[in-house]
Number of protein chains: 2
Amino acid sequence: MKKYLETLRKCPLFQQIEDENLLKMLGCLGAKVETFDKKYTIFAKGTPAKYIGILLSGSAQIVQVDYYGNRSILGSVAPSEVFAEAFACAGMDTLPVSVTANEPCEVMLINRDHILHTCQNHCGFHQQLIFNLMKDLAYKAILFQQKIEITSKRTTKEKLMTYLLLYAKKANSNSFEIPFDRQELADYLEVDRSGLSAEIGKLRKEGVLENHRKRFTLYRSNSIPTGQ
Amino acid sequence: MKKYLETLRKCPLFQQIEDENLLKMLGCLGAKVETFDKKYTIFAKGTPAKYIGILLSGSAQIVQVDYYGNRSILGSVAPSEVFAEAFACAGMDTLPVSVTANEPCEVMLINRDHILHTCQNHCGFHQQLIFNLMKDLAYKAILFQQKIEITSKRTTKEKLMTYLLLYAKKANSNSFEIPFDRQELADYLEVDRSGLSAEIGKLRKEGVLENHRKRFTLYRSNSIPTGQ
DNA sequence: ATAAGTATGTTGAAATTTCAACAAACGGAG
DNA sequence: CTCCGTTTGTTGAAATTTCAACATACTTAT
């Protein structure tokens, strides 16, 4: 586990926990590591929500696919981030979403029962873990709320601009790279890909932004407020 | 506080905590009660997210209103339920949403700092409170995920049916009352009210459902799967 | 019981999205 | 460098949503 220490230290679940205690705790928790190739499914919709995932390397996406094949992306996962924790902690029997590897991934898996029921060793860091998990879940709820704020806009243009302005604020710069390609961005914004491309083209002609693939630069971005 | 005991017992934050300890804890937490008339704002967007709310009586709604006045309803709040906890616990400085009273409300307010920082008395129930809060936040994340699942559908008809089927499952009956009037349902589904009314009319003519205002009865509801 | 106000239903035109099909640009493998 | 598969951009027609306006149904207060 030591090779992952650098990444685990940044994980929201392990804040305020010293390295040696962290390693000890991972033992208590029965943490295991698995690898997934690009495009492979890390967690599949409909399977038991038994595990919390921590991404150690690579990148992944949280995806909803409905009966008709319509794909909706709930969010992207970067190294050190936790995923599927809400479904595991709420005690859902099966996952309502899938998690897929966007590139080759290493993933740490922790059984939810080992987190929710304190271990016999009464390791004192368990309380800190629960507290960190609580903070992390609050943050996840806010990420969902932000996605709702974005997709509640009625037109493709408004959805796009709300997303880009929020991202620019997060990146603290007018120029940034988004974690989605066009199809993925369309699936996140819940709009048609070709319509999205067309809107980006229009905004470029209007001088509101410049872009090349995943890189965007915003101008006159004060014209549409974010509401935050 | 004793008059609210019945309601507080059902609150997810206070599960596994005995009545007398609960009352003691409310003292530690500095809980206070306020009342709000119908249509009044309990928490306003843009104000500090300092307090967690618990609804003691009445009903409320979590509402997003953007720059252009478009209203989006994130969810409804019933007695014993907690609200604004995600924003408070994630340490946001200001609320990105408003909470408004749908009928006259009594609300218990607890300062987030009193929850997040254990009190000097080292009252042993604080750990249970944090644990309960964690479970509650996981549940809230799932409610948001469900709203995303509903609103990610591309047509008004699909959004409506996904919502009604999910509600029927929750109510465990084909006949149920939703907590929204038409305009509110439209604001929750993020569609136009008149278009929503039209779709309901069509589905009624097709024999898929019957309805009178907030009451709906579903037939042949197996025709559109929920994906859960 | 009536009147006034609110909620719901209905309609048609305008705006927007979706869909399908194809063109152009890009990136990696050999 | 070239080929080939993938991504992105473009377009026009069909479907859907939005919008405004009005009709009808229901509720509440007097």
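Lettering follows sequence order; numbering is per chain, from 1. Keep in mind that the numbers below use all heavy atoms, side chains included, and drop hydrogens, waters and symmetry copies.
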All N/O pairs under 3.5 Å across the protein-nucleotides 23-30 of chain C interface:
from: C:dC26; atom 1: O4'; to: A:R213; atom 2: NH2; distance (Å): 3.3

Task: Contact nearer the 5' end of DNA chain D, comparing B:G195 with A:S197 - done: A:S197
TODO: Answer yes or no: is there a side-chain heavy-atom contact under 4.5 Å between B:I148 and B:Q145?
DONE: no
Open item on the list: Using modelled atom types and a 3.5 Å cut-off, is there a donor and acceptor pairing between side-chain atoms of A:N102 and backbone atoms of A:A60?
Closed with: no
Open item on the list: Side-chain N or O of B:N211 versus OP1/OP2 of C:dG9: is the shortest distance under 4.0 Å?
Closed with: yes
Open item on the list: With a 4.0 Å cut-off on N to O distance, would you call A:E184 and A:R193 a salt bridge?
Closed with: no
- [ ] Using the six-membered ring of A:F180, assess whether NZ or CZ of A:K214 lies under 6.0 Å from its centre and within 45 degrees of the ring axis.
- [x] no
Task: Flag for A:Y68-B:E158: side-chain donor and acceptor within less than 3.5 Å - done: no
Task: Between C:dT8 (P) and B:E184 (CD): distance, integer Å - done: 8 Å
TODO: Mind checking the CE-OG1 spacing from B:M108 to B:T7? Nearest 0.5 Å is all I need.
DONE: 9.5 Å
Pairs of donor and acceptor atoms involving the side chains of residues 197-211 of chain A, under 3.5 Å and at least two apart or interchain, shall be tabulated with distances.
from: A:R204; atom 1: NH1; to: A:N211; atom 2: OD1; distance (Å): 2.5

Open item on the list: Any carboxylate oxygen within less than 4.0 angstrom of a Lys/Arg side-chain nitrogen, looking at B:K153 and A:D66?
Closed with: yes
Open item on the list: So that I can tick it off, tell me whether B:D181 and B:R213 are bridged by a salt bridge, with the cut-off set at under 4.0 angstrom between side-chain N and carboxylate O.
Closed with: no
TODO: Sorted by first residue and then second, give each ring-ring contact (aromatic ring centres under 6.0 Å, His included) pair with at least one member in residues 76-112 of chain A; sequence neighbours left out.
DONE: A:F43-A:F83
Open item on the list: I'd like to check B:V65 versus B:V97 (side-chain heavy atoms, cut-off strictly below 4.5 Å). Are they in contact?
Closed with: no
Task: Outermost nucleotides of DNA chain D that come under 4.0 Å of a non-hydrogen atom of chain B - done: D:dT16 to D:dC26
Task: Angle by which the axis turns from one end of the helix from C:dA1-D:dT30 to C:dG30-D:dC1 to the other, five pairs per end, to 10 degrees - done: 50°
Task: Residue-level proximity of residues 185-194 of chain B to DNA chain C when a heavy atom falls under 4.0 Å - done: B:R193, B:S194
Task: Pair A:T100-A:Q61, side-chain donor/acceptor within less than 3.5 Å - done: no
- [ ] Say whether A:E190 and A:S72, considering side chains only, have a donor N or O and an acceptor N or O under 3.5 Å apart.
- [x] yes
